[in-house]
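Take a look at the structure set out below.
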Amino acid sequence: MASLSRALRVAAARPRQSPTRGLGPCNLSSTSGPTAEKSVPHQRTLKEGQSTSVVAQGPSRPLPSTANVVVIGGGSLGCQTLYHLAKLGMSGAVLLERERLTSGTTWHTAGLLWQLRPSDVEVELLAHTRRVVSRELEEETGLHTGWIQNGGLFIASNRQRLDEYKRLMSLGKAYGVESHVLSPAETKTLYPLMNVDDLYGTLYVPHDGTMDPAGTCSTLARAASARGAQVIENCPVTGIRVWTDDFGVRRVAGVETQHGSIQTPCVVNCAGVWASAVGRMAGVKVPLVAMHHAYVVTERIEGIQNMPNVRDHDASVYLRLQGDALSVGGYEANPIFWEEVSDKFAFGLFDLDWEVFTQHIAGAINRVPVLEKTGIKSTVCGPESFTPDHKPLMGEAPELRGFFLGCGFNSAGMMLGGGCGQELAHWIIHGRPEKDMHGYDIRRFHHSLTDHPRWIRERSHESYAKNYSVVFPHDEPLAGRNMRRDPLHEELLGQGCVFQERHGWERPGWFHPQGPAPVLEYDYYGAYGSRTHEDYAYRRLLAEEYTFDFPPHHETIKKECLACRGAAAVFDMSYFGKFYLVGLDARKAADWLFSADVSRPPGSTVYTCMLNHRGGTESDLTVSRLAPSHQASPLAPAFEGDGYYLAVGGAVAQHNWSHITTVLQDQKFQCQLIDSSEDLGMVSIQGPASRAILQEVLDADLSNEAFPFSTHKLLRAAGHLVRAMRLSFVGELGWELHIPKVSCIPVYRAVMAAGAKHGLVNAGYRAIDSLSTEKGYRHWHADLRSDDSPLEAGLAFTCKLKSPVPFLGREALEQQRAAGLRRRLVCFTVEDKVPMFGLEAIWRNGQVVGHVRRADFGFAIDKTIAYGYIHDPSGGPVSLDFVKSGDYALERMGVTYGARAHLKSPFDPDNKRVKGTY
């Protein structure tokens, strides 16, 4: 048996291939399957039978002719989804597995479960998985799933990493997850074999543990079968039947296999690495890639028994307890892509490429020195699926009704499986998940990206390579950039704009006074023989943001914010989604879709929400009523009946489009939804001087009487036709100009020329975040999500509950109002000059009552501002008196800071400024 140190020496001694130029498949991918023998410096000990498999027998049981839902894939997600469907009472649920349960990727997974992640939703999902595998399945079946609670230990080799762990600890307190920050000496006592000389500290989570893939999946299958579900192995799916209804909507009709077909209205694609192939059968795009992912299993190590699992993020390595040995694996910068995914691959493994894997060995030996002389018993290198943002792909595909995704889990399918399986089951049965799953919803991606090979490949690579990087609040991707650029992109780039990326769009982040910082072509961080960009200004500016303190650009963003408050700022918001809802049933559709009354006279603009049937908020947006027109123009389509112009946040435009489309289809409304997002630009001029500036550019009277708040008009701006709306997203007097693409640059230049003498400045979304937080305006998917109701979020004014008009979610809101709110969004200010970014624990009278969803620094009031939902620990309603009577503190990285609760915005609570009163 070779030791890890010998493996490192052998790999280092091998002659390296000269890097090829470019990034073709030859130098970063693999098309081969597993080989009979492994050309690696150790003895092969894995079972000979675990290699490629071909189904040679018929299905394990006869196929039913019909089913209410068919789950494709018998891995972690497939089994969890089937189990939760059955548990929720779904009859006629069938799982089809082409080989045997766990084949493909699940069988070789490490099975680690870490309870703390930098996402509140993921903490909840992980908690449910843990409950299922550690307690509920055993209580239900009497079978042990193989769960081992040996704890988890996160290693911090620098201050920023320890700060990240302290953030996780504070978030964990809001969910009852026990964790402890340990000193190096305390860590040594807990894990005597560990080298702690280079540590800042560690985070110990005693109730983390390890799952057994085979034990868990077999127990899930047995529990689901006991509830009436069917599990059919050795039954490859060969096709998806689709039909088109009378409204032109494609819907699932059935599943075809090598052994017959099943008629069903619902299919769940849990095929893992093979999910793209299943998607192609149905005409559904599944944006994921397959990569090799590896770990090695050591020989016996004396004294390792009962030690916690270890994640040393800075060394990009994990150490999983495996009886009296360790599994050692990690994430490298040069993973191998599996280009030609074989449909015959079941229980196979690839040869381990030691040149790729060796980068993990030095880190593992440094952390646990005994590994240097420990033998390697076996290697495990199998396929895993990875996605462009390192988050799973879930929900109903926008291309095909009844086709759901539960795939792309980035090697985390075991630990997220329970929570995601439950949410997917709710999605299928009730039309929406219980929790806010937008971050996992396939509809988060713009349709132009989901079948764009370069974007998928680059982003998936970067997400894999940075999987163990510190998650900083203002990080941005370097891969897959410049996919969608608005008409002002080059104009703003020349003025020092530092861009952010949101689902393909480049949008202004902030303006750098030292000149342009363009985003360059992705260099794969020097992997695969690519050349790393030298003197890369954008990357350098990003690196300066890698902090949990106030970033170096804090003062620059302050200037943008105070210019808006004191004079005026212009914001390029062209990346916003811009839709038209028109047609004979448009008014019926608008009444049902929008929580507010939008059926006002043409020329009116209304801020509203869209809800789901549970009363959760699917979107907040503005809706402008249009006058009918028989002639199309760049600013309005020709239509009869009623028409509305919708402006939605660009980062969630695809989500909005899909939600509206689904509702229109379900209700059979006869109307059109038209996407003009790429055809129109949008700039917003906000601040006390905005009226004076725009009065020189627009050919209309902008007085309060002539142009009231929440109205819109078609006007000429520097000779170009625009739609002007008097609105504000920052709490100032201001207008939005919606501009045909070809007119954006001349209109923008005219605005800047007119504003020069008034102190007008460019500003970006970092300023918007600060200004809107200061004013108390909500941001969807931050302090307003699909599991938050408008009543809980303080947006009752957007709901037409006083009118008799029915709307989607109304019944749920009425029930919630009658029962009393069990949680409520509260604004907090902190006197101490400390940065907060969200996930901080909220303390009330010595008890944790929630966590911060969104936070920023308010420059006008010179305070940190935070928003979070609080609950009453006794379980009662959260009244306004409950909010007002508490003594509050916010916990940031383990330190509490006194906080003041506000029932109104701390800035301009009487809304005078938006009315032009200064």
Side-chain angles (χ1 to χ4, degrees), residues 486-489 491-492 495 497 500 502 505 507-511 557 560-561 563-578 605 607 620-624 635 645-651 653 677 680-698 700 702 707 709-715 717-718 720 722-741 743-745 747-752 754-755 758-775 777-779 913-916:
D486 72 47
L488 295 175
H489 184 273
E491 185 88 2
L492 299 181
Q495 298 183 47
C497 182
Q500 301 173 331
R502 296 297 180 270
W505 274 115
R507 73 176 193 181
W510 52 283
F511 285 80
I557 296 163
E560 294 180 15
C561 291
C564 182
R565 293 281 185 238
V570 58
F571 301 89
D572 173 22
M573 304 178 69
S574 298
Y575 100 115
F576 256 48
K578 309 166 198 77
T605 296
Y607 172 69
D620 68 330
L621 68 161
T622 59
V623 178
S624 300
L635 287 163
Y645 175 59
L646 284 51
V648 303
S677 303
L680 298 174
M682 175 181 166
V683 296
S684 184
I685 301 87
Q686 300 285 323
S690 60
R691 178 182 279 136
I693 294 168
L694 289 175
Q695 197 65 76
E696 298 183 28
V697 178
L698 299 174
L702 302 184
F707 207 141
F709 186 72
S710 286
T711 62
H712 66 95
K713 295 180 180 182
L714 288 179
L715 302 174
H720 298 264
V722 303
R723 187 180 301 281
M725 296 185 184
R726 187 172 167 192
L727 295 170
S728 180
F729 48 88
V730 296
E732 298 292 339
L733 173 69
W735 280 261
E736 295 176 359
L737 304 182
H738 297 245
I739 313 165
K741 194 173 183 179
S743 301
C744 285
I745 289 178
V747 170
Y748 168 78
R749 288 176 176 173
V751 169
M752 293 303 291
H758 296 281
L760 179 67
V761 303
N762 285 304
Y765 272 83
R766 292 282 288 276
I768 291 175
D769 290 341
S770 170
L771 293 163
S772 60
T773 301
E774 192 169 53
K775 185 63 186 78
Y777 291 159
R778 310 292 182 247
H779 272 199
R913 297 170 77 96
V914 296
K915 301 169 187 174

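What you see is a predicted model, and the numbers here were worked out from it, not measured in a lab.
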Excluding sequence neighbours, so at least two apart, what forms salt bridge (Lys or Arg N to Asp or Glu O under 4.0 Å) with R723?
none
Partner residues of H489 under the ring-ring contact (aromatic ring centres under 6.0 Å, His included) criterion, sequence neighbours left out:
F499
Just do the side chain to side chain contact (heavy atoms under 4.5 Å, CB included) check on V761 and F511 with the steps written out, would you?
CA-CA 10 Å; V761 303; F511 285 80; over 6 Å; no
Provide the closest heavy-atom pair for A569 versus A763 in the form atom of the first, atom of the second, distance.
CB-CB, 4.0 Å
Quick check against the 3.5 Å criterion: does T605 have a side-chain atom that pairs as donor or acceptor with the backbone of V623?
no
State the CG-CG distance between L635 and L680, to the nearest 0.5 angstrom.
6.0 Å
Which residues share a side chain to side chain contact (heavy atoms under 4.5 Å, CB included) with F729, sequence neighbours left out
F571, M573, S684, Q686, E736, I768
To the nearest 0.5 Å, atom NE2 of H779 lies from atom OG1 of T773 at 6.5 Å
Could I get the full list of ring-ring contact (aromatic ring centres under 6.0 Å, His included) partners for H738, not counting sequence neighbours?
Y645
Could you tell me which residues satisfy side chain to side chain contact (heavy atoms under 4.5 Å, CB included) with S743, sequence neighbours excluded, listed by chain and number?
H720, I739, P740, V747
So, using ring-ring contact (aromatic ring centres under 6.0 Å, His included) as the criterion, who are the partners of Y777 when residues are at least two apart?
none
State, yes or no, whether a side-chain contact exists between V730 and K775 at a heavy-atom distance under 4.5 Å.
no
Can a donor-acceptor pair be found, under 3.5 Å and without considering hydrogens, that links the side chain of S770 to the backbone of A767?
no
Assess whether side chain to side chain donor-acceptor pair (under 3.5 Å) is satisfied between R507 and Y575, documenting all intermediate values.
CA-CA 7 Å; R507 73 176 193 181; Y575 100 115; 2.5 Å; yes
Smallest separation among heavy atoms of A700 and L715, with atom names
CB-CD2, 3.5 Å
Kindly write out the residues that satisfy salt bridge (Lys or Arg N to Asp or Glu O under 4.0 Å) with R565, not counting sequence neighbours, or none if the list is empty.
E732, E774
Are the side chain of S677 and the backbone of K578 linked by a donor-acceptor contact shorter than 3.5 Å?
yes
Check against side chain to side chain contact (heavy atoms under 4.5 Å, CB included), D572 and N762:
CA-CA 8 Å; D572 173 22; N762 285 304; over 6 Å; no
Which pairs with one or both residues in residues 681-692 pass salt bridge (charged side-chain N to carboxylate O under 4.0 Å, His left out), sequence neighbours excluded?
none
Sequence neighbours left out, what passes side chain to side chain contact (heavy atoms under 4.5 Å, CB included) with K741? Give chain and number order.
P487
Side chain to side chain contact (heavy atoms under 4.5 Å, CB included) filter on A689, not counting sequence neighbours, yields A568, I693, H758
List for me each residue that meets side chain to side chain donor-acceptor pair (under 3.5 Å) alongside Q695, sequence neighbours excluded, and say none if there are none.
none
Applying salt bridge (Lys or Arg N to Asp or Glu O under 4.0 Å), name anything that partners E560, two or more places apart in sequence or on another chain.
none
Apply side chain to side chain contact (heavy atoms under 4.5 Å, CB included) to V914 and L733, showing your working.
CA-CA 4 Å; V914 296; L733 173 69; over 6 Å; no
Working to the nearest 0.5 angstrom, can you tell me the gap between S772 OG and Y765 OH?
10.5 Å
Just verifying a value: how many Å separate I557 CD1 and D769 CG, rounded to the nearest 0.5 Å?
9.0 Å
Point-to-point distance, once rounded to the nearest 0.5 Å, from CZ of R726 to CZ of F707:
8.5 Å
